[in-house]
Amino acid sequence: MKRILFAMAAMLVVATAVFAQDAKKVVIYAALDEKTSNELAAAFQAATGYTAEVALQMEQAGTVAGRIKTEAPMARADVVIGGNSNFHADLAAGGYLEKYTSPVVKTAGISPKFMDPDGYWTGWYLGALCILYNEKRYNDEIKPKGIQPPATWDDLLNPAYKGQVIASNPATTGGAYLMVAAQIFRLGSEQAGFDYVRKLNDNVAQYTAGANGSIPLVSQGEAIVGVAWGHDTLKQKAQGNLPIVVVFPKDTGFEIGAASIIKNAPHREAAQKFIDFLLSPEAGKINSANGYRYPVRKGVALPAGVPAFESLALAPWDLKAAAANVDAWKKRWAEITGK
Amino acid sequence: MSTGTRPEGVTREPWLLVTVVVLSALLLAFVLLPLAATVAFPRAGDWAGILSGARYRRAAANSLISMAASTATATLFGFLFAFTAMRTTVPLRRLFRGIALLPLFSPPFMVAFSYVMMFGGNGLITHGLLGVRASIFGWPGLWLSQTISFFPVAALIIESALRAIPPSVENAARNLGASGGRLLRTVLLPLALPGIAGAALLVAIQVLADFGNPIMIGGNFSVLATEAWLRVEGWGDVRGAAVLSVELLVPAVVLFVVQRRWVAAHAVPALGTRASLEDLPPTGRLARAVLFTFCLLVSLLVLLVYAALVMGAFVKGWGFDWTPTLANFRDVVGRGPELLRSLAYAGVAGLLSALLSVCSAWLVSRRQFAVRRAIDLGTILPAALPGISFGIGYAIVFGRPPADLYGTAAIVVLSLLFWNISMGHQSAAAALSQVPASFGEAASNLGASSLRILREIEGPLLGGTLFSAFTVSFIRAITTLSVVVFLATSSNRVATITIMNLVTDGFYGKAAALTAALLACSFLALGAARLAAGRPVELFTPAVRRA
Amino acid sequence: MSETGVSPHVILQGITKSFGDFRALSGVSLEIPRGSFTTFLGPSGCGKTTLLRTIAGFYEPDSGQISINGRRVDGVPSHLRGAVMVFQDYALFPHLSAAENIVYGLKVKGLPRPERERRLKRIADYLSVTDLLSRRPGLLSGGQQQRVALARALVMEPEVLLLDEPLSNLDAKLRETVRAELRRLQQSLGITTIYVTHDQTEALSLSDQLVVMNAGTVVQAGPPRQVYFAPANRFVASFVGTANLLSARVTEVADGHLSCDAGGLSLRARRSSETVEVGCDVVLSVRPEHLSLLPQEGSAPAGERLPGVVISSLFEGPRVRYWIRAQDHELIVDDYRRDQAAPAGAAVFLGYFPEQVHVMEAEPNGGD
């Protein structure tokens, strides 16, 4: 009985902590890993003297977005950070965000192409898709055929990789959608892009539900080659000593990691300060050190093994088209692959 | 005459009335409301979108296919194990039985996870030993994992069905000339059939609701439970997920109703005599050899799960770097909060669930009142609800004002508490049916109030049940993934969620170590609880003894 | 100590009780004398246990009144009626020792410990369970459990003691001993006792008043001898003891005696009722012990003997039970002279006294 009462009391304490409000503070919803979120909050606190509370931290941007929608009538958080710009664009379209353009964009000379043309979200980091392959299996099975290691999207169409490619499913993950969009944008038309999807489909062993599902499968040798987020792959490779090689292909797809102020934010001024802070070199460093992501601000040190951002060749991108065609392109993709 | 005993009402004692009202309110708020919300939440467009999507139609079909296949094999395995343990003289049968019960104590996804490590494209057995590169991902792997995960449940139920058949019946059939297959076909099977069917229905519900195995090993073979999660994870589409979870809910509830009806209609009255093996002649050589081989192979498959887990926990990179390491356990230390939360939430939910369910079972089986049937139904209902559906209901109702518990411990504890309440309720009701009603009547005839009867007479007699209800709830709570997957945030995330994330990210070693730690913690906790629940009643010396 | 049968202690008036569609009691009215031992006897389902439980307060009657000691008790909680019950399965609390079981009710009542212990000691001595007090029910034999259960009830010093088939869980030998003990105990305490049983021997041997029930009604209530020797109808005759029942028509009335024809068998009986006339249809009830095998044909007057043929016989120790065909009837005869044994097929004569042939008016439906 005592234990029950104790536990009840503990629950109350937790609940109170969650509900407690404070004027000089910012409440953050983060679609980022836990470590990055907490370090960002701590650094902001140290830099500004404002309290920063990470009230919600989930790696899945979808869940965070869903959360903001459900509590919209009574917004509890001030900013939502992380997750690619499509989630933010979707929230903006639903009227869940407030416009804000940070003055830091101009003062720091950050490219405006990473900012919302409509002025809602602020891009503060980038992630690019990569190709990864299992080194041993490539050497054992592919190299003897005289085939070079995969370096471009078209290399994945080589019949030698039949049944050996792991990609992900746009129905379940935004990363897969960006991969499809990258093909359409680089090849110049929907038709050419979906033609690529059709050809790739012949080689694909499995479309994973998550964008990074190929990392374990290729590392384990379930398949030879896969597509995933470059930053996540490099990070997992470094942490798990994975036997894979990571390549950023030309014309690769990318996401803009965004941050936005939530409509009716209880602490609007603090929220703006926090967005400004995300564009600082300090925030960029925390983000890239933990998540291997590229800050939009130039001149931030990157972890070892991460190629310089300038070395990447991003596909020509049409943010509007990418946001406008989500349902149509997902549907088309499903028709072609039958998945 | 013995025209049963009819329970009395609740109006004579005010606290009984209060209990009824409170219990009804709790069930309304924490069982019915989330359920209703799940059904009501999606808009027409969400229904149309999901129901017409080829992907989701296939997921629905896959759910049914895997249910049929896994239920068939799990029931068959369960029957063979139960039969071997109860009705044969196969060597090591008791050991086999013990091994068969192991999966009941493990997280449901563990089997799939271990089989990926053992039989995957780079699996220790398939690739390491046999040099084959066959992928276990997809329906074959799912079928195998679900069979191994759920046959213990079938074995337990069928075992009690077989136990109810006195050996004398079998011996009588032998005496009349039936033996071997004929005996099995004409006597044992018909008698055990209700039990077998009941087991199959229960397993079917569990397979249908299974989230852990398909998320780990299903690969392209997607089922409704995992699709519901992916809708939220990938696209933040809670409404779509609610549609999918309703799709899952409907067959689950239908199966549950059928199962309840079936079991009620075919309840075999316990014939008193327990089957003791000494009463049966030795099993034939051929049958013995076949059953022994079968049980041995399946037992090895079960043990393999744990072997993979332990091995995985101690190597650097499963499948490519077999260097032994303790690094994975260093990682576990950093997961302390999740482990603690797992233990604390499951402990609190288990305790409260056991107490509440004994209370409801006592009311329902000992008193007569207006909403008695409704309370009974409301308490039993969660047993039919797939964890995914239950969790999403909580996310919808308690994830926003006015009852916003999102991210709190309370939402997890409450969901686990009410998801498990049927377990305790059913076992307490069963136990109460074993306690003659005359005990309570005798006490009330001697002047004891209902509260006093519950506290002094029927309560102490239910002590064992209370503890087992706690144990079952605790194990279910600490091992569940599906209920909490929609409720977890950084501040209330439990270990199973972390394990799932680690596995999907490919950190098998860390996942294995954390799973091992979770298992160890839960066994330690259970051991401690057993000690704590030791029999204080035994130590009580009656004052009158000195007289 | 009050005298038997002086004033009614428990009065039941028009008790009716239904469970759903099943009518368990229909209009039962009964008076139970102070200090008497009253037995409810009947087949299962007759309502006897329901009636007992209604008196105990486990059921409330749908209609009717219950008074104990002149006080209306229907609607009064069980423990305030002064009627304490001993259950068929004893309902000893398995987790409490015998002593704790016995003092349970006193404790609930809030009696101080010294008083509890005093009463415990007294009742334990009285029922010779002192040595068993520290044991749990699981370690007691059936007879011991029965005594503890009785002690638990009696220690409450109830107005009325209710016993629900308390001997049915004992083996045959023990049952006879306990039955005798129970009767002595009741008589020495003079406590009004209501006892439910389906065992007619038990009912006959224990009761001051025997209440035979069937289908929710009281069929006959009276002293055991009256019920046994003058059953009210076919049902009572066949349920209480063994009886040869013969449907017959009265052929002659003379000298306070009747002559009857039972399917070709001619019997004489005492005329007990003025309403029985020549031509009446009656049922004759003859107990097996009231028939005997005559040593020779002439040892009884012609009207008081019956010819028959032995079908089979069983030696039962003090007597021999015969099945004898007499015309279309098969009669059961208990013969206490064991020196002679008639083999199957033997032609015999049965003797009887007309005074021992009980005449009942035939019931319209043929009555059973």
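Bear in mind that the values here come from a model prediction, so they are computed numbers and not experimental data.
With a 4.5 angstrom heavy-atom cutoff, B:I457 touches chain C via backbone and side-chain atoms both. When heavy atoms are compared at a cutoff of 4.5 Å, C:M156 approaches chain B solely by way of its side chain, counted from C-beta outward. Both the backbone and the side chain of B:E456 come within contact range of chain C, with heavy atoms under 4.5 Å apart. Looking at C:A98, neither its backbone nor its side chain comes within 4.5 Å of chain B, counting heavy atoms on both sides.
Among C:I102, C:L96, C:L92, the residue making the largest number of heavy-atom pairs under 4.5 Å with chain B is C:L92.
C:R118 CZ: more than 12 foreign heavy atoms inside a 6.0 Å radius.
Evaluation of the side chain to side chain contact (heavy atoms under 4.5 Å, CB included) rule for B:T471 yields B:F467, B:I475, B:L526 as partners, not counting sequence neighbours. Remark: C:D62 pairs with C:K17 by the salt bridge (Lys or Arg N to Asp or Glu O under 4.0 Å) rule, at least two apart or across chains.
Atom OG of residue B:S449 and atom CG of residue B:L454 lie 9.5 Å apart, to the nearest 0.5 angstrom.
At a cut-off of 3.5 Å, with distance as the only test, a side-chain donor of C:Y195 or C:E202 sits close to an acceptor on the other residue.
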